[in-house]
There are 2 protein chains.
Amino acid sequence: MLLRWYCRVVASEITDERSIQTRIADDLRARIEIGEYAAGDQLPTYEQLTQRYLCSSGVARKAIDLLRQQGLVVSKQGKGVFVRERARPKRHGIDRYARSRWKQGGTAIHDAEAGNQGLSVKQLYRELGEVPAPPAVAAAFGIEEGAPVWVRKRTTIVDGRPHQLADSYYPLDLAVGTRLTEENSGPGGGFARLDEAGDPLAEIREEWSARMPSSPESVSLQLPGGTPVIDLTRIVYDTKGRAVEVMLAVIAADTVEISYRFPIPD
Amino acid sequence: MLLRWYCRVVASEITDERSIQTRIADDLRARIEIGEYAAGDQLPTYEQLTQRYLCSSGVARKAIDLLRQQGLVVSKQGKGVFVRERARPKRHGIDRYARSRWKQGGTAIHDAEAGNQGLSVKQLYRELGEVPAPPAVAAAFGIEEGAPVWVRKRTTIVDGRPHQLADSYYPLDLAVGTRLTEENSGPGGGFARLDEAGDPLAEIREEWSARMPSSPESVSLQLPGGTPVIDLTRIVYDTKGRAVEVMLAVIAADTVEISYRFPIPD
DNA sequence: TAGTGGTCTAGACCACTAG
DNA sequence: TAGTGGTCTAGACCACTAT
């Protein structure tokens with residue numbers, strides 16, 4: 001044992017100074033990248049890794065942990081560790097808000113977007129009712145924090161996997177008495193109802209950032225290890241400049257690709 | 001020892017079935033969220049954690065690993081584990097492309113944007129020269145893969161921290177003979193040079209997604225554990241619809257917040 | 001039943017920080 | 001020098017999957 005320890009120290013001084021677990025992870029990553037292990041392939045078992053790299057099982061596990069954090073592999077208990085199949089991301093362009101989509105009725109915008117890409121879409125309601133306004137919502141509506149607003153909290157499931165947790169908030173006067181208070185908001189979805197209930201919709205502002213999920217979010221979105229989430233705040237304004245909807249969404253980052261096109265501003 | 005094992009099993013059956021490390025991590029996360037540990041505070045040492053939660057040091061480490069993956073804490077060897085100070089994200093709105101910014105000269109757009117927020121900006125060049133076009137670039141320019149293009153690869157450092165790795169590609173005929181081939185591209189930056197060299201710039205398309213960084217990216221961007229990156233592809237078109245710049249950037253996600261505003265399309 | 005990954009222990013030793 | 005986090009070992013036992 002002492003002998004092996006010396007070997008390792010010498011080797012690490014000659015070759016490089018990173019930890020063993022990091023070097024194993026990097027070696028495996030390189031092999032994945034050159035295609036030695038293709039998407040869906042099983043990686044060597046921990047037993048095999050300890051033999052190949054002359055390390056303890058703890059170190060082999062640490063190495064695989066690193067790859068999992070990088071989103072390269074997924075583990076399946078009792079089966080093995082596998083190179084991750086890339087989920088096919090759904091594109092989200094600004095076209096998704098085209099008036100023609102929801103004016104004609106049919107489906108809600110998100111359904112339409114995913115549906116256009118040949119994917120099945122389902123919405124699960126987590127909450128539908130009157131709640132006190134969270135800070136960001138109160139700020140957008142210009143009301144006091146905690147004042148009552150209407151909320152629709154739902155989980156969108158695309159192709160059998162949770163895709164986003166979306167919470168839409170509405171001013172009470174626009175929501176109450178419309179189908180925004182029902183699970184099925186009717187043809188054209190929420191946008192159509194807002195457009196009917198008040199002034200026509202005019203502008204959208206979106207604000208995005210990315211971060212790692214909290215534990216409950218990991219569970220709700222069934223996120224594979226090493227998958228970030230995207231935080232989206234979307235505010236919809238009508239022609240009078242009034243904010244009529246604030247949506248706070250947490251999106252599984254491995255399921256989206258976002259695109260915008262716009263003229264260069266003056 | 002056996003006794004403790006039984007205690008634990010019984011307790012876990014009564015209360016919940018998650019692993020000890022997860023429960024420790026969740027408990028600490030809750031304490032951070034209610035402010036028991038504020039940003040910058042030191043968490044209990046591993047020694048203290050093993051005593052408080054009656055677990056081995058390995059489990060305490062696993063718990064902290066989880067918090068690190070969630071981007072909540074950072075470790076400093078020899079000092080302790082600390083609640084992470086949130087880097088103040090720099091806002092990136094579409095105003096950043098406003099013609100008035102680069103037409104007047106002064107600084108390049110990214111400098112201008114960060115500079116407006118009172119931050120110091122530096123650019124380190126990693127490469128500047130003629131290279132074969134990568135696939136995405138060739139596709140945008142409508143040329144063959146591997147055909148020569150001009151590239152400026154640089155690392156932007158904002159407020160002393162690497163913020164993004166940005167690689168801008170230009171068609172040779174627009175770059176050669178202009179200051180795009182120099183490290184200092186002159187007043188107004190790359191956009192101003194493109195505008196002068198060819199037709200006026202007209203439109204921008206951006207496409208982005210979020211993922212975990214690879215090991216080299218972690219190092220280059222000095223990413224704290226649990227920090228995702230944003231992959232951004234930006235293509236600039238001139239009034240004739242020709243793609244005149246393709247930028248491929250990898251951005252540290254904890255340093256940006258991206259915003260868009262646009263009228264609802266028809 | 002054998003093989004896999006997941007959790008956990010109880011240590012040893014290293015590298016870094018601070019008084 | 002004492003205290004901290006980082007790496008690594010050599011196991012034990014659990015939960016799940018296949019045969």
Side-chain angles (χ1 to χ4, degrees), chain A residues 1-13 16-26 28 41-69 72-84 215 218 224-225, chain B residues 1-13 16-26 28 41-69 73-84 218 224-225:
Chain A
M1 192 169 93
L2 259 190
L3 177 65
R4 211 164 87 209
W5 180 71
Y6 275 118
C7 288
R8 204 175 269 150
V9 169
V10 171
S12 87
E13 276 174 357
D16 70 76
E17 66 302 332
R18 292 167 303 162
S19 63
I20 302 175
Q21 45 191 274
T22 318
R23 277 180 282 162
I24 296 175
D26 285 355
L28 290 172
D41 283 3
Q42 182 176 5
L43 253 54
T45 66
Y46 289 118
E47 171 71 18
Q48 290 167 335
L49 290 176
T50 58
Q51 287 166 13
R52 180 192 293 183
Y53 295 104
L54 297 178
C55 65
S56 70
S57 71
V59 169
R61 278 169 195 285
K62 269 285 199 182
I64 297 294
D65 280 351
L66 288 172
L67 295 180
R68 211 192 343 262
Q69 278 171 46
L72 281 175
V73 303
V74 287
S75 299
K76 297 179 186 171
Q77 196 178 25
K79 300 179 79 171
V81 176
F82 299 84
V83 179
R84 186 158 154 198
S215 310
S218 287
Chain B
M1 190 171 93
L2 259 188
L3 178 65
R4 212 166 84 209
W5 180 73
Y6 275 117
C7 289
R8 203 174 270 149
V9 168
V10 170
S12 87
E13 277 173 356
D16 69 74
E17 67 301 332
R18 292 167 302 163
S19 63
I20 302 175
Q21 44 191 284
T22 317
R23 277 181 283 164
I24 297 175
D26 286 355
L28 290 171
D41 283 2
Q42 182 176 5
L43 253 54
T45 65
Y46 288 117
E47 172 71 16
Q48 290 166 336
L49 289 177
T50 58
Q51 287 164 13
R52 179 191 295 184
Y53 295 104
L54 297 179
C55 67
S56 70
S57 71
V59 169
R61 280 170 193 285
K62 269 286 198 181
I64 297 293
D65 279 351
L66 288 172
L67 295 180
R68 214 195 338 265
Q69 279 170 45
V73 303
V74 287
S75 299
K76 297 178 185 171
Q77 196 176 26
K79 300 180 80 172
V81 176
F82 300 84
V83 178
R84 187 157 153 199
S218 288

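The sequence lines fix the lettering, A, B, ..., with proteins before strands; numbering per chain opens at 1.
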So, is B/Tyr46 near the phosphate of D/dG6, with a side-chain N or O under 4.0 Å from OP1 or OP2? yes

Which is true for A/Lys76 with a 4.0 Å heavy-atom rule: it touches a base, it touches only sugar-phosphate, or it touches nothing? sugar-phosphate

Can you tell which of C/dG6, D/dG5, D/dC8 lies closest to the side chain of A/Ser56? D/dC8

Could you say whether A/Gly78 or B/Gln77 is positioned toward the 5' end of DNA chain D, judged by the nucleotide with the nearest heavy atom to each? B/Gln77

Where do B/Cys55 and B/Ala60 come nearest, in terms of heavy atoms and distance? SG-N, 4.0 Å

OP1 or OP2 of C/dG6 versus the side-chain N and O atoms of A/Ser75: is any pair under 4.0 Å? yes

OP1, OP2 of C/dA18 versus side-chain N and O of B/Lys79: anything below 4.0 Å? yes

Roughly how many Å is it from CD1 in B/Ile64 to C1' in D/dG6, rounded to a whole number? 13 Å

Measure from CZ on A/Arg61 to P on C/dC8 and round the result to the nearest Å. 12 Å

In whole Å, I'd like the distance from the CG atom of B/Asp65 to the P atom of D/dG5. 12 Å

Looking at CZ of A/Phe82 and CG of A/Asp41, how far apart are the two atoms once the value is rounded to the nearest 0.5 Å? 9.5 Å

How long is the span from the CG atom in B/Leu67 to the CG atom in B/Asp26, to the nearest 0.5 Å? 8.5 Å

If pairs are Watson-Crick or G-U with both distances under 3.5 Å, what is the dot-bracket string of DNA chain C, marking crossing pairs with [ ] and pairs to another strand with |? ||||||||||||||||||.

Under a 3.5 Å cutoff, is there a donor and acceptor pairing between the side chains of A/Ser218 and A/Ser215? no

dist B/Arg52:CZ -> B/Glu47:CD (nearest 0.5 Å) comes out at 13.0 Å

With the side chain of A/Arg68 defined as its heavy atoms from C-beta on, choose the nearest nucleotide among C/dG6, C/dT4, D/dG5. C/dG6

Working to the nearest 0.5 Å, report the span between CZ of B/Arg23 and CD of B/Gln21. 10.5 Å

Per the salt bridge (Lys or Arg N to Asp or Glu O under 4.0 Å) rule, which among B/Arg68, B/Arg61, B/Lys62 passes with A/Asp65? B/Lys62

Is A/Gln21 close enough to D/dC8 that one of its side-chain N or O atoms is under 4.0 Å from OP1 or OP2 there? yes

